[in-house]
Engineer: 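One structure is given below, represented as structure tokens, and several questions about it will come after.
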2 protein chains.
Amino acid sequence: MDSMGIMARKPTAADQALRLDNQICFAVYSTAHAFNRVYKPLLDRLGLTYPQYLVMLALWERDDVAVKDLGERLFLDSGTLTPLLKRLEAAELIRRTRSTEDERVVLIALTPQGHVLREKARAVPQSILAASDCTVGELMAMKDEIVALRDRLNAVLGE
Amino acid sequence: MDSMGIMARKPTAADQALRLDNQICFAVYSTAHAFNRVYKPLLDRLGLTYPQYLVMLALWERDDVAVKDLGERLFLDSGTLTPLLKRLEAAELIRRTRSTEDERVVLIALTPQGHVLREKARAVPQSILAASDCTVGELMAMKDEIVALRDRLNAVLGE
DNA sequence: ATATTTTATATTGTGCGCAATATATTTGCG
DNA sequence: CGCAAATATATTGCGCACAATATAAAATAT
């Protein structure tokens, strides 16, 4: 074998598969970071990090929900959410209260400031759309493909 | 306004744009995490984290390169790479040496073990392909679309 | 040649993201 | 009922990611 890459060897399919540029995972990984960087200045104005923004998006659709519920919607666990939610509570955007029906559950509710922030967030998607330099239709088609891939990957994990 | 969501109001385009399920960024973000979780057991066997795997992929293609060069290929800065590379050095997969031509530059070279690890990594892409439950063609087409989006996002940042 | 600017890497601090573990509550089984 | 298993959240530790800053070397300007 030519594991040192010194001797000449015909590139195999396995070689091609290891090329960085052929990795869809790297495409996804690096695009996620690119999104993060584009969002940064927009979210700074809202006082949110990107994961915090996702939590707020989820809560603007439906709040008074358990941490577990949020975790399922965002694919995050309590190890990530608990400290993040504590920071949102410190920022007075949400309240965390133990459920009286089930003392294990912590319910997350928006504060008035949390609700109001939604208005300031309305301009964000438009800025992102402009930065992506795509039509809404193109982005939504791509989104559907990526989500389908994500769901297949998650299905494998569930086995 | 109905920022509290209490009064009835016709959903606007801005409302739709704020829905979590409509966010391509969330699709990308959650897919990146899904990939991470699928890779985890495969990379554990190699003793690598996912970002370390990406660095190794880059180095298997071309090593004896500056940290800067690696950073440009992976879209990462020295704040991320320096500690990561120190860990790969501690694992004896790479060597870090100051360039004699330009004392600012740290050159990254694979050790023999680093080269050898490539053979163990050959099985990884195949496992990922199986988990994605797609054809190579479908994945590559999707990859190209995502990369095009990433490059447009990065172009905006460069302005 | 010296001073200024630029470049390459390293360091520090904050916030994820997740595995592993801990704690408390609830559910279900006998 | 009493106890084991399951469930929900919290905690700890590690490794990114990145902004801000520091340091040192090289390039450039004057």
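Proteins get letters first, then strands, A, B, ... in listed order; numbering begins at 1 in each.
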Engineer: Among Ile, Leu, Val, Met, Phe, Trp and Tyr joined by side-chain contacts under 4.5 Å, find the other residues sharing a cluster with A:Leu107 and list them by chain and number.
Structural biologist: A:Val105
Engineer: Answer yes or no: does a side-chain N or O of B:Tyr50 lie under 4.0 Å from OP1 or OP2 of C:dG17?
Structural biologist: no
Engineer: If you look at every strand shown and take non-hydrogen atoms under 4.0 Å, does A:Thr49 touch a base, only sugar-phosphate, or nothing?
Structural biologist: sugar-phosphate
Engineer: At under 4.0 Å between heavy atoms, what does B:Leu81 touch on the DNA or RNA strands: base, sugar-phosphate, or nothing?
Structural biologist: nothing
Engineer: In whole angstroms, how far is the C1' atom of C:dC16 from the CZ atom of A:Arg37?
Structural biologist: 16 Å
Engineer: What is the distance, to the nearest angstrom, from the OH atom on B:Tyr39 to the C1' atom on C:dG17?
Structural biologist: 18 Å
Engineer: Once you round it to whole Å, what is the distance between C1' of C:dG17 and CZ of B:Phe26?
Structural biologist: 14 Å
Engineer: Rounded to the Å, how far apart are A:Leu43 CG and C:dG15 C1'?
Structural biologist: 14 Å
Engineer: Could you tell me how far apart B:Leu84 (CG) and C:dT9 (P) are, to the nearest whole angstrom?
Structural biologist: 15 Å
Engineer: Is there a side-chain contact between B:Leu57 and B:Leu54, using heavy atoms and a 4.5 Å cut-off?
Structural biologist: yes
Engineer: To the nearest angstrom, how far is A:Leu74 atom CG from C:dC16 atom P?
Structural biologist: 12 Å
Engineer: Is there side-chain contact between A:Leu59 and A:Leu70, with at least one heavy-atom pair below 4.5 Å?
Structural biologist: yes
Engineer: DNA chain D: B:Leu76 or A:Lys86, which has the more 5' nearest nucleotide?
Structural biologist: A:Lys86
Engineer: For B:Ala66 and A:Arg87, take the nucleotide of DNA chain C holding the closest heavy atom to each; which residue's nucleotide lies nearer the 5' end?
Structural biologist: B:Ala66
Engineer: Between C:dT27 atom C1' and A:Glu103 atom CD, what is the distance in whole Å?
Structural biologist: 16 Å
Engineer: Is there a side-chain contact between A:Leu88 and A:Leu48, using heavy atoms and a 4.5 Å cut-off?
Structural biologist: yes
Engineer: Check the angle between the aromatic planes of B:Tyr29 and B:His33 and answer parallel, tilted or perpendicular using the 30° and 60° thresholds.
Structural biologist: perpendicular
Engineer: Please report, rounded to the nearest Å, how far the P atom of C:dC18 is from the CG atom of A:Leu157.
Structural biologist: 11 Å
Engineer: Closest nucleotide of DNA chain C for A:Ser78 versus for A:Glu101: which of these residues is on the 5' side?
Structural biologist: A:Ser78
Engineer: Between A:Lys40 and B:Gln52, which is nearer to the 5' end of DNA chain D once each is assigned its nearest nucleotide?
Structural biologist: B:Gln52
Engineer: Decide yes or no on salt bridge (charged side-chain N to carboxylate O under 4.0 Å, His left out) for A:Glu89 and A:Lys86, but give the supporting numbers first.
Structural biologist: CA-CA 5 Å; A:Glu89 186 180 41; A:Lys86 284 184 176 176; over 6 Å; no
Engineer: For a 4.0 angstrom threshold against heavy atoms of chain A, report the outermost contacting nucleotides of DNA chain D in 5' to 3' order.
Structural biologist: D:dT7 to D:dA19
Engineer: Would you state whether a donor and an acceptor, one from the side chain of B:Arg104 and one from the base of C:dT9, lie under 3.5 Å apart?
Structural biologist: no
Engineer: Over 60° means perpendicular and under 30° means parallel, so tell me whether B:Tyr53 and B:Tyr39 are parallel, tilted or perpendicular.
Structural biologist: tilted
